[in-house]
Amino acid sequence: MILQIVGYKNSGKTTLVEHSVKLLKAQGYRVVTVKHHGHEGDDISLEQGVDHMKHFEAGADQSIVQGHQVQQTVTRTDNTDLEAIIANSITIAYDIVIVEGFKKASYDKVILYNNNDSYYNLSQLSHVVYELNTESQLSFKDYDAWLLDWVKG
């Protein structure tokens, strides 16, 4: 089960992803998130100076660090589509993947908008199943009920 949360910069996507994860975890679901770093020309920032990043900076194609209960993996890869990321990068069992971004992918989408232009453009995307006006909706109550129904199928 895959749900995309899409919108333009500063529309509340990360806030809604965080809220959704907390809600779903409270219901006992296993949740994975994937985020598209949509800042054109900039890559994601990586922690510098720690040992596994020294390995990566030396040229390793993938570097993995294991802590007591957390594992982090950094992998060199070309700009990959969402389907490949889900198929190749998720390594644990899950009930739902929540995706922030990847507007052009073909999964169910929640669109976040704060003006008419944003609404018009985002409503043209495929698979829109829920619309959230972040300027007028102060409570996630309706969204919460919708999300839990959506997950139950």
Side-chain angles (χ1 to χ4, degrees), residues 1-50 53 56-57 61-63 70-153:
M1 179 170 287
I2 300 166
L3 179 65
Q4 294 178 251
I5 296 178
V6 301
Y8 294 109
K9 187 173 181 169
N10 296 321
S11 62
K13 297 179 302 293
T14 300
T15 299
L16 189 60
V17 169
E18 289 177 298
H19 177 83
S20 300
V21 169
K22 289 176 184 175
L23 176 66
L24 293 168
K25 291 300 293 178
Q27 298 294 315
Y29 291 102
R30 297 169 298 175
V31 181
V32 171
T33 63
V34 176
K35 177 175 175 26
H36 183 251
H37 179 73
H39 307 286
E40 212 53 44
D42 292 334
D43 212 334
I44 59 174
S45 58
L46 301 171
E47 185 178 6
Q48 302 299 309
V50 294
M53 287 310 301
F56 193 70
E57 291 164 5
D61 294 304
Q62 185 174 66
S63 181
V70 176
Q71 182 181 84
Q72 182 181 39
T73 303
V74 180
T75 307
R76 290 184 202 285
T77 182
D78 292 328
N79 191 3
T80 307
D81 66 10
L82 181 56
E83 291 79 13
I85 292 169
I86 291 169
N88 301 322
S89 298
I90 297 175
T91 60
I92 63 169
Y94 63 87
D95 298 307
I96 182 169
V97 177
I98 298 177
V99 177
E100 182 177 332
F102 291 92
K103 288 180 187 79
K104 294 182 180 165
S106 296
Y107 298 103
D108 285 354
K109 291 178 184 66
V110 173
I111 61 170
L112 280 77
Y113 63 95
N114 52 19
N115 62 55
N116 289 337
D117 289 339
S118 294
Y119 174 75
Y120 176 77
N121 291 329
L122 293 167
S123 66
Q124 305 303 308
L125 297 172
S126 68
H127 300 90
V128 173
V129 294
Y130 194 85
E131 302 166 350
L132 185 61
N133 182 342
T134 57
E135 287 297 306
S136 67
Q137 186 139 354
L138 301 176
S139 168
F140 290 129
K141 183 179 172 187
D142 292 339
Y143 170 78
D144 291 355
W146 172 84
L147 179 59
L148 293 175
D149 284 344
W150 181 86
V151 170
K152 292 173 186 170

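Here the options are Val151, Val17, Val110, the test is side-chain contact (heavy atoms from CB on, under 4.5 Å), and the partner is Leu3; only Val110 passes.
Of the possible polar contacts, none joining the Ser118 side chain to the Asn114 backbone as a donor-acceptor pair under 3.5 Å is found.
In this structure, the separation between CD1 on Ile2 and CG on Leu82 is 6.5 Å, given to the nearest 0.5 Å. Atoms CD1 and CG, on Ile5 and Leu132 in that order, are 9.0 Å from each other to the nearest 0.5 Å. To the nearest 0.5 angstrom, Asn133 atom CG is 4.0 Å from Tyr113 atom OH. Between the CD1 atom of Ile111 and the OG1 atom of Thr134 there is a distance of 11.0 Å, given to the nearest 0.5 Å. Here the CG-CG distance, from Leu112 to Asn10, works out to 12.0 Å after rounding to the nearest 0.5 Å. Between the NE2 atom of His127 and the CG atom of Asp108 there is a distance of 7.0 Å, given to the nearest 0.5 Å.
Ser63 is not listed as a side-chain neighbour of Glu57, based on a closest heavy-atom distance of 4.5 Å or more. A 4.5 Å side-chain heavy-atom check between Leu148 and Leu24 finds at least one atom pair inside the cut-off. A heavy-atom distance below 4.5 Å is not found between the side chains of Leu147 and Phe140.
Around atom CG of Asp149, more than 12 heavy atoms belonging to other residues, nucleotides or ligands sit under 6.0 Å away.
The aromatic rings of Tyr130 and Tyr143 sit perpendicular, their planes meeting at an angle over 60°, well past the 30° parallel limit.
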- Query: Where do Tyr107 and Ile86 land on the side chain to side chain contact (heavy atoms under 4.5 Å, CB included) test, with the steps shown first?
  - Reply: CA-CA 12 Å; Tyr107 298 103; Ile86 291 169; 4.2 Å; yes
- Message: With side chain to side chain contact (heavy atoms under 4.5 Å, CB included) as the criterion, how do Leu23 and Tyr29 come out once you've worked through the C-alpha distance, each side chain's angles and the decisive distance to 0.1 Å?
- Response: CA-CA 9 Å; Leu23 176 66; Tyr29 291 102; over 6 Å; no
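Taking all atoms of both residues into account, the shortest heavy-atom contact from Lys13 to Val6 is CD-C, 3.9 Å. Here the shortest heavy-atom pairing between Gln4 and Ser106 reads OE1-N, 4.1 Å.
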Could you list the donor-acceptor pairs under 3.5 angstrom formed by side chains in residues 93-105, with sequence neighbours left out?
unit_1 : atom_1 : unit_2 : atom_2 : d
Asp95  : OD1    : Arg30  : NH2    : 3.0
Asp95  : OD2    : Arg30  : N      : 2.7
Asp95  : OD2    : Arg30  : NE     : 3.3
Glu100 : OE1    : Thr14  : OG1    : 3.1
Glu100 : OE2    : Thr14  : OG1    : 2.8
Glu100 : OE2    : Lys35  : NZ     : 3.2
Lys103 : NZ     : Gly7   : O      : 3.4

